Each structure stands twice: as C-alpha cells, then as structure tokens.
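Everything on this sheet refers to the single structure shown next.
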Amino acid sequence: MIDNKNGSCGTYEPVGIVSVSDTVEIIGSSNIRFAFAALNINAKFTYKTNHLPFHVEVWEVSVDDFKTLCDIPDDQWKDEWGWWRQGHCIYHGNIYNDYTVNGKTMYGYEPAEEEDYEPKSYNDFYKYLLDVHHVSTFYNFCYFAISLADDNGMKVSEFLKEYQP
C-alpha cells in the first residue's frame, strides 16, 4: 500500500466498512472539499472535530470517486486541496483490551512497549493514542481511527462521534 501526499491507495480496494450504498469513508483536512469540487466528486460530509492539533473531517465517497482520488499522482495533487487518508494501521485485526474512552467501552490494541500495562480511562481517542501508542500525527490518527472503527464494527464517523467528540 502506498502512502502518498493525497491518500493511501496502492490498489483500489478500500479498507474498513463499505456501506450498502457502495460508499467509502475517508478522513481528510478541511480543504479536501476543494478537491471534491475541482474533481467533480459528490462527497457526503459525516463528521468533523476541531479539538485536535490538526483538523479532521470524515467524508463518504462512492467507490468510483475513491478510485478517482487514488488515480491522482502526487505531482498533480494541489496543495490547496489539503490531504486525505484511507488505510489501516499495523495493529488492525488484533483487538486485545477494552478501554474506557470518553466514558464508553472501546476495544483497542495492546501497547507495543509496555508488558504490564494497566488500562485506564481516557477523555478521548486522541488521548488514548498518545498514552497507549505514543503517536500524535494526523497520519497515525487516521490509520488507527479507520482500523479501530472497523475492529469495533463501526463506521469511521460513528467511531469518532463516540470516542472523539
């Protein structure tokens, strides 16, 4: 799988839950809407938060529009279009513990570096990522959110509404 400026594709197989209406959820910056307009992509906005060090929005696009996004080479992706991601983290499929995040139970991955880790409560998903996995970049946030949403049987927008209000 390729991690490029405008997304993570490699093949045109979206990861995570693809809804019955054949849509794919992607996570992007606030400027992604400019790419949608320029590329004539009909996207449905489903979630956003301003409570992170970076801006995050979740959008649903058709499988065909997802392929369109994947087909754009890095050198043709305009800076004013922002960024987007759609892919899994390396822990995907390896649910280990349940954690309390935003006052609710979330199934999550075991910390890689601590053998005797004791789960505790986290105010939000980002705090869980910082404390348990020591990651803070928007890349990791996106990949963990997509993976954990899938592993928790939720859409990405549902997962983030639940754990990253």
Side-chain angles (χ1 to χ4, degrees), residues 1-36 39 41-70 72 81-109 122-133 135-165:
M1 188 163 287
I2 300 167
D3 185 22
N4 53 17
K5 181 178 179 182
N6 62 313
S8 182
C9 296
T11 65
Y12 302 114
E13 296 298 322
V15 299
I17 296 173
V18 177
S19 74
V20 262
S21 61
D22 292 327
T23 60
V24 179
E25 287 185 293
I26 64 169
I27 300 176
S29 66
S30 59
N31 290 355
I32 192 69
R33 65 187 74 237
F34 297 126
F36 297 150
L39 301 169
I41 290 176
N42 184 17
K44 179 183 174 187
F45 175 75
T46 59
Y47 169 85
K48 95 171 176 179
T49 184
N50 295 318
H51 303 286
L52 295 167
F54 40 84
H55 189 87
V56 168
E57 295 183 356
V58 177
W59 293 81
E60 289 182 11
V61 298
S62 71
V63 173
D64 288 340
D65 286 338
F66 177 74
K67 183 181 182 314
T68 297
L69 289 171
C70 290
I72 300 171
W81 291 352
W83 56 266
W84 68 275
R85 294 290 176 272
Q86 210 284 341
H88 282 135
C89 75
I90 61 170
Y91 300 108
H92 182 251
N94 294 305
I95 292 296
Y96 184 79
N97 289 325
D98 54 314
Y99 298 87
T100 302
V101 179
N102 191 31
K104 300 166 185 104
T105 300
M106 179 193 87
Y107 301 109
Y109 310 125
Y122 302 97
N123 291 336
D124 57 37
F125 177 63
Y126 186 68
K127 184 69 171 150
Y128 157 83
L129 288 179
L130 287 173
D131 288 357
V132 177
H133 299 286
V135 298
S136 61
T137 67
F138 70 89
Y139 295 102
N140 287 323
F141 179 90
C142 295
Y143 297 137
F144 271 86
I146 291 167
S147 293
L148 281 168
D150 192 29
D151 287 342
N152 279 272
M154 304 169 86
K155 292 173 65 174
V156 176
S157 55
E158 295 169 337
F159 178 83
L160 290 175
K161 286 175 186 173
E162 188 83 6
Y163 302 114
Q164 186 63 49

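These figures come from a predicted structure and were not determined experimentally.
For the residue pair Ser147 and Asp150, no side-chain donor N or O sits within less than 3.5 Å of a side-chain acceptor on the partner. At a cut-off of 3.5 Å, with distance as the only test, no side-chain donor of Asn94 or Tyr96 sits close to an acceptor on the other residue.
For His88 and Tyr143, the ring centers sit 6.0 Å or farther from each other. Aromatic ring centres of Tyr128 and Phe144: separated by at least 6.0 Å.
Once rounded to the nearest 0.5 Å, the distance linking CD1 of Ile146 with CD of Gln86 reads 5.0 Å. Annotation: the span from Arg85 atom CZ to Asn140 atom CG amounts to 10.5 Å, rounded to 0.5 Å. Taken to the nearest 0.5 Å, the CD1 atom of Ile26 stands 10.0 Å off from the CD atom of Glu57. Note that CG of Leu39 and CG of Asp65 are 9.0 Å apart. Values are rounded to the nearest 0.5 Å. One finds the CE atom of Met106 at 10.5 Å from the CG atom of Asp124 (value rounded to the nearest 0.5 Å).
By the side chain to side chain contact (heavy atoms under 4.5 Å, CB included) test, Leu52 pairs with Thr49, Phe54, Val56, Tyr126, Phe141, Gln164, sequence neighbours left out. Partners of Thr68 according to the side chain to side chain donor-acceptor pair (under 3.5 Å) rule, which considers only residues two or more places apart in sequence or in another chain, do not exist here. Residues that satisfy the salt bridge (Lys or Arg N to Asp or Glu O under 4.0 Å) test with Glu158, not counting sequence neighbours, are absent from this structure. Take Tyr109 and apply the side chain to side chain donor-acceptor pair (under 3.5 Å) test, not counting sequence neighbours, and it matches Asp151. Scored by the side chain to side chain donor-acceptor pair (under 3.5 Å) test, Ser157 finds Glu25 as partners (sequence neighbours excluded). Annotation: side chain to side chain contact (heavy atoms under 4.5 Å, CB included) contacts of Asn123 (sequence neighbours excluded): none. Partners of Tyr163 according to the ring pair (Phe, Tyr, Trp, His ring centres under 6.0 Å) rule, which considers only residues two or more places apart in sequence or in another chain, are Phe159. Under the salt bridge (Lys or Arg N to Asp or Glu O under 4.0 Å) criterion, Lys161 pairs with no residue at all, not counting sequence neighbours. Under the rule for a side chain to side chain contact (heavy atoms under 4.5 Å, CB included), the partners of Asp64 that lie at least two apart in sequence or sit in another chain are Ser62. Partners of Tyr107 according to the ring pair (Phe, Tyr, Trp, His ring centres under 6.0 Å) rule, which considers only residues two or more places apart in sequence or in another chain, do not exist here. Considering only residues two or more places apart in sequence or on other chains, Asn50 meets the side chain to side chain donor-acceptor pair (under 3.5 Å) condition with His55. Asn31 pairs by the side chain to side chain contact (heavy atoms under 4.5 Å, CB included) definition with Ser29, Phe34, not counting sequence neighbours.
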CA sep, side-chain torsions, deciding dist, call: Leu130, Val135, side chain to side chain contact (heavy atoms under 4.5 Å, CB included): CA-CA 5 Å; Leu130 287 173; Val135 298; over 6 Å; no
Please evaluate residues Trp59 and Phe36 with respect to the criterion ring pair (Phe, Tyr, Trp, His ring centres under 6.0 Å), reporting the C-alpha separation (whole Å), side-chain torsions for both, the decisive distance (0.1 Å), and the verdict. CA-CA 10 Å; Trp59 293 81; Phe36 297 150; 5.1 Å; yes
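Between Ile95 and Leu148 there is a side-chain heavy-atom pair separated by less than 4.5 Å. Counting heavy atoms from C-beta on, the side chains of Arg33 and Trp81 never come closer than 4.5 Å. Put simply, the side chain of Phe125 does not reach to within 4.5 Å of the side chain of Pro165, judged on heavy atoms. In this structure, the side chains of Leu129 and Ser136 stay at 4.5 Å or more apart for every pair of heavy atoms. Looking at heavy atoms from C-beta onward, Thr23 lies out of side-chain contact with Val61 at the 4.5 angstrom threshold. Taking 4.5 Å as the limit, some side-chain heavy atom of Ile41 sits within range of a side-chain heavy atom of Leu69.
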